[in-house]
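Each remark here refers to the structure printed beneath this line.
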Number of protein chains: 2
Amino acid sequence: MSKQMREAAAAANAQAIARLRAAGLRPTRQRLELARHLFTGPDRHVTAENLHGEVVGAGIKVSLATVYNTLHQFTGAGLLRQVVVDAARGYFDTNTGDHQHFFLEDEGTLIDIPGDAIAVSGVPQPPSGLRIDRVDVVVRVTREN
Amino acid sequence: MSKQMREAAAAANAQAIARLRAAGLRPTRQRLELARHLFTGPDRHVTAENLHGEVVGAGIKVSLATVYNTLHQFTGAGLLRQVVVDAARGYFDTNTGDHQHFFLEDEGTLIDIPGDAIAVSGVPQPPSGLRIDRVDVVVRVTREN
DNA sequence: CTGTCATAATAGAATTATTCTAAACTGATT
DNA sequence: AATCAGTTTAGAATAATTCTATTATGACAG
């Protein structure tokens, strides 16, 4: 490793430490390793299991529980965002027509948004060989303090 | 019960039977009861557990497994639609900026849609006392044919 | 440096919603 | 009325995640 590379790595590390500190998170070995894997290179989408597999595969000792904790802490700190695409709890809707939903996060209830009220525009062409099955919009609402 | 009411109930039942038959589902006692609960009255959103609680509370003998089976069969038949609002598997995204996603259902992978490409318009005012936390768009894509 | 203490990491148990399995039952058809 | 594929069911199994109780570690004081 050249002096230049060492310096770059050290700088990246210092930056990661600062980022964690700013979020009120102690820059532990595990959190730094996970941050390095997550934030080095282009944007990515990970699940707890696959990130855990990846870092363990890279020879790093971290438990799955810590990966879960860390992902949530990073999300709380605004370093990550959670994407919801599959259902933990199946909600079934008797309205099968074109419409979308408000989701009241505090109560776990749904309210319909008529399909003729709401519109999604600018959906790009899907990757070739794939067709759009449907477009789901969830408007998440919470109590106004 | 008046003759008129008896006739109306019989007609509703006959219609439910026809609807199930058309979907290739045998109109069993359980399926008819569940259909009655689901499709009588205004549109609604149910989970397997709460529908089960409701029908059992009404004195009907159905197992939870049957409720799950039936909800899926009705969904397959186009009588219901599933709404996804909470995460069975947590996907975390390193891109925290404004953007949405393609979800490749066959593979379980995500592709970003830039926030400046896609737009959602016509979101109604949320119910009073609630504020919009965020608007999530998931464009579900599957293999062609 | 070293001790102290709050914070963090961990293994394994527990939880939650759901699906599976294998056996018993039922509705439609002969 | 007998048959039999389609259904229902209880309970076991699964999958992802969270909890719990214990051990370890980083930061700071002295």
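- With 3.5 Å as the limit, one finds no donor-acceptor pair spanning the side chains of H99(B) and D116(B).
- Counting only distance, with no hydrogens or angles, the side chain of R44(A) and the backbone of T94(B) share no donor-acceptor pair below 3.5 Å.
- Distance, D86(A) CG to dT19(C) P: 12 Å, rounded to whole Å.
- In this structure, L25(B) atom CG and dG27(C) atom P are separated by 15 Å, rounded to whole Å.
- Reading DNA chain D from its 5' end, the first and the last nucleotide to sit under 4.0 Å from a heavy atom of chain A are dA16(D) to dA27(D).
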> How far apart are the C-alpha atoms of N50(A) and T47(A), what are their side-chain angles, what is the distance that settles it, and do they pass the side-chain hydrogen bond (donor to acceptor under 3.5 Å, both in side chains) test?
Replying inline: CA-CA 5 Å; N50(A) 72 37; T47(A) 62; 3.1 Å; yes

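- Atoms CD (E49(B)) and C1' (dT19(C)) sit 13 Å apart, rounded to a whole Å.
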> Do H72(B) and F92(A) pass the ring pair (Phe, Tyr, Trp, His ring centres under 6.0 Å) test, and can you show the C-alpha distance, the side-chain angles, and the key distance before you say yes or no?
Replying inline: CA-CA 9 Å; H72(B) 286 127; F92(A) 293 86; 5.6 Å; yes

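- Distance, L51(B) CG to dA17(C) P: 15 Å, rounded to whole Å.
- For the pair R19(A) and F74(A), the cation-pi test (distance below 6.0 Å, angle within 45°) is failed.
- Counting non-hydrogen atoms of other residues, nucleotides and ligands closer than 6.0 Å to CD of E144(B) gives a total above 12.
- The residue R89(A) sits close only to the backbone: its heavy atoms come under 4.0 Å of sugar-phosphate atoms, none of a base.
- Look at Q30(A) and you'll find a side-chain N or O under 4.0 angstrom from OP1 or OP2 of dT10(C).
- In this structure, of dT16(C), dA9(C), dT7(C), it is dA9(C) that holds the atom nearest to the side chain of T28(A).
- Side-chain atoms of Q30(A) do not come within 3.5 Å of backbone N or O of V62(A) as any donor-acceptor pair.
- In this structure, the ring of Y91(A) has its center no less than 6.0 angstrom from the ring center of H101(A).
- The stretch residues 52-79 of chain A touches DNA chain C through K61(A), V62(A), S63(A), A65(A), T66(A), N69(A), each having a heavy atom within less than 4.0 Å of the strand.
- A salt bridge between E105(B) and R140(B) is present, with a side-chain N of the basic residue lying under 4.0 Å from a carboxylate O of the acidic one.
- Salt bridge K61(A)/E33(A): absent, no basic N to carboxylate O contact under 4.0 Å.
- To the nearest 0.5 Å, atom CG of residue L110(A) and atom CG of residue D112(A) are 8.0 Å apart.
- In terms of position on DNA chain D, the residue among R21(A) and A88(B) whose nearest nucleotide sits closer to the 5' end is A88(B).
- Distances shorter than 4.0 Å separate none of the side-chain N or O atoms of R29(A) from OP1 or OP2 on dA8(C).
- Defining each end axis of the helix from dC1(C)-dG30(D) to dT30(C)-dA1(D) as the rotation carrying four pairs' C1' atoms onto the next four, with five pairs an end, the two axes are found to diverge by 10° to 10 degrees.
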